[in-house]
**Q** 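The structure follows.
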Amino acid sequence: MRDVTYSMGISLDGYIVGPDGGFNWTAPSEDIFRFATDQVREVGVHFLGRRLYEAMRYWDTVDQSPSLDFSTREFAAIWRSLPKVVFSTTLPEVQGNARLASGGLAEEIERWKVEPGDGNIAIGGAALASEAASLGLIDEYRAKVYPVLLGGGIPFFPQHERRVDLELVETRTFPSGVVYLRHRVTR
């Protein structure tokens, strides 16, 4: 059965987006970009909220520029072919290899968990991940912790005032000072 993973870049004080709505502090170095590409290879479907879907639309056409390096074109090709489910009440339609969610989050996750095939179910977007966490549906938290303090913004970890025990599965430190932490939910 597929695992549900939540992976984002976060500040040391726990935010995925700063108070100004920006996330330019997460611009990846080449080694982090390659690592992120390898992680996307492990995904069978990506669930996205509207804002993340709109931000990631960039990758649907970026590889058409001949001036881009191989790793950028490689990530774009992997992302473009990856099935995506978009959760939005405001978008009338989506493009590329995406579809609007036809059911609730729990229903969509259950549907994909039993689908034949490989790859994790990745959750992207703070509100969507918060909902999945509150329903107890996230199996792994994967955080790339950047050496920056933002002082506020949108938190990586949902605030549901309940304890969730985690087991450290993997850690990695990059030359830029970014630390990758992969934790599995203990059930």
Side-chain angles (χ1 to χ4, degrees), residues 2-18 21-65 67-87 94 96-98 112 117-130 132-133 138-148 150 153-157 166 168-185:
R2 300 172 191 239
D3 282 338
V4 178
T5 63
Y6 175 38
S7 178
M8 295 288 284
I10 70 170
S11 65
L12 184 59
D13 54 350
Y15 298 99
I16 61 172
V17 175
F23 54 92
N24 60 342
W25 48 272
T26 64
S29 59
E30 184 62 29
D31 54 347
I32 293 173
F33 190 73
R34 276 193 222 108
F35 181 72
T37 300
D38 289 342
Q39 284 188 311
V40 171
R41 283 190 210 333
E42 299 173 1
V43 175
V45 61
H46 206 296
F47 288 11
L48 303 99
R50 179 194 52 83
R51 283 183 293 219
L52 184 58
Y53 165 74
E54 289 175 339
M56 295 301 286
R57 290 278 302 139
Y58 167 82
W59 293 102
D60 286 340
T61 58
V62 70
D63 67 335
Q64 295 172 7
S65 172
S67 65
L68 295 175
D69 61 24
F70 173 76
S71 58
T72 303
R73 290 192 312 272
E74 180 185 28
F75 181 87
I78 294 166
W79 181 260
R80 192 175 43 254
S81 66
L82 180 66
K84 295 166 229 26
V85 179
V86 180
F87 291 79
V94 292
N97 196 14
W112 277 93
D118 295 324
N120 296 322
I121 299 167
I123 301 271
L128 197 59
S130 181
I138 295 179
D139 298 303
E140 286 189 4
Y141 289 88
R142 299 176 176 190
K144 288 183 285 302
V145 183
Y146 284 75
V148 62
L150 298 177
I154 298 173
F156 174 80
F157 296 103
L166 304 171
L168 181 63
V169 177
E170 181 182 357
T171 181
R172 182 173 175 179
T173 302
F174 293 91
S176 62
V178 172
V179 177
Y180 172 70
L181 301 169
R182 178 178 162 207
H183 286 88
R184 185 148 189 84
V185 174

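Residues take their numbers from the sequence shown, with the count starting at 1.
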**Q** Could I get the full list of side chain to side chain donor-acceptor pair (under 3.5 Å) partners for Ser11, not counting sequence neighbours?
**A** Asp13

**Q** Do the side chains of Trp79 and Asn97 get nearer than 4.5 Å, heavy atoms only?
**A** no

**Q** For a side chain to side chain donor-acceptor pair (under 3.5 Å) with Glu54, tell me which candidate from Arg50, Arg51, Arg57 qualifies.
**A** Arg50

**Q** Could you tell me which non-hydrogen atom of Val86 sits nearest to which non-hydrogen atom of Ala98, and how far apart they are?
**A** CG2-CB, 4.1 Å

**Q** Could you tell me whether the side chain of Ile121 reaches within less than 4.5 Å of the side chain of Phe47, counting heavy atoms only?
**A** yes

**Q** Restricting to non-hydrogen atoms, name the atom on Leu48 and the atom on His46 that form the minimum distance, rounded to 0.1 Å.
**A** CD1-O, 3.4 Å

**Q** Mind checking the CD-CG spacing from Glu42 to Asp118? Nearest 0.5 Å is all I need.
**A** 11.5 Å

**Q** Testing the basics here: between Val4 and Ile123, what is the closest heavy-atom pair and its distance to 0.1 Å?
**A** CG1-CG1, 3.5 Å

**Q** Where is the tightest heavy-atom contact between Ile16 and Ala126, given as atom of each residue plus distance?
**A** CD1-CB, 3.5 Å

**Q** Would you compute the distance between atom CE of Met8 and atom CG of Leu52 and round it to the nearest 0.5 angstrom?
**A** 6.0 Å

**Q** Is it the case that the side chain of Ser81 and the backbone of Ala77 share a donor-acceptor pair, with hydrogens and angles ignored and the cut-off at 3.5 Å?
**A** yes

**Q** Judged by atom type as modelled, is there a donor-acceptor pair below 3.5 Å linking the side chain of Asp139 to the main-chain atoms of Thr5?
**A** no

**Q** Could you grab the distance from atom CZ of Arg172 to atom CG of Leu181, nearest 0.5 Å is fine?
**A** 13.0 Å

**Q** With a 4.5 Å cut-off on side-chain heavy atoms, are Arg41 and Glu74 touching?
**A** yes

**Q** Checking ring-ring contact (aromatic ring centres under 6.0 Å, His included) against Tyr146, which of Trp25, Phe174, Phe23 comes through?
**A** Trp25

**Q** Quick one: list whatever passes salt bridge (charged side-chain N to carboxylate O under 4.0 Å, His left out) with Arg2, sequence neighbours left out.
**A** none

**Q** Write down the atom of Ile32, the atom of Ser176, and the distance for their closest heavy-atom approach.
**A** CD1-OG, 3.5 Å

**Q** Rounded to the nearest 0.5 Å, what's the gap from CD1 on Ile138 to CG on Asp3? Could you check?
**A** 11.5 Å

**Q** Would you indicate whether the side-chain heavy atoms of Arg142 and Asn120 approach each other to under 4.5 Å?
**A** yes

**Q** Between Phe87 and Tyr53, does the ring centre distance come in under 6.0 Å?
**A** no

**Q** Can you tell me how far the CH2 atom of Trp59 sits from the OG1 atom of Thr72, to the nearest 0.5 Å?
**A** 5.5 Å

**Q** Working to the nearest 0.5 Å, report the span between OH of Tyr180 and CZ of Phe35.
**A** 4.5 Å

**Q** Are Val178 and Pro147 packed together at the side-chain level, in the sense that at least one heavy-atom pair is separated by less than 4.5 angstrom?
**A** yes

**Q** How close do Leu168 and Arg182 get, counting heavy atoms only, and between which atoms?
**A** CD1-O, 3.6 Å

**Q** Salt-bridged, Arg34 to Asp31, with N to O below 4.0 Å?
**A** no

**Q** Between Phe156 and Tyr141, how do the two ring planes meet: parallel, tilted or perpendicular, split at 30° and 60°?
**A** perpendicular

**Q** Are any of the side-chain heavy atoms of Lys144 and Ser7 separated by less than 4.5 Å?
**A** yes

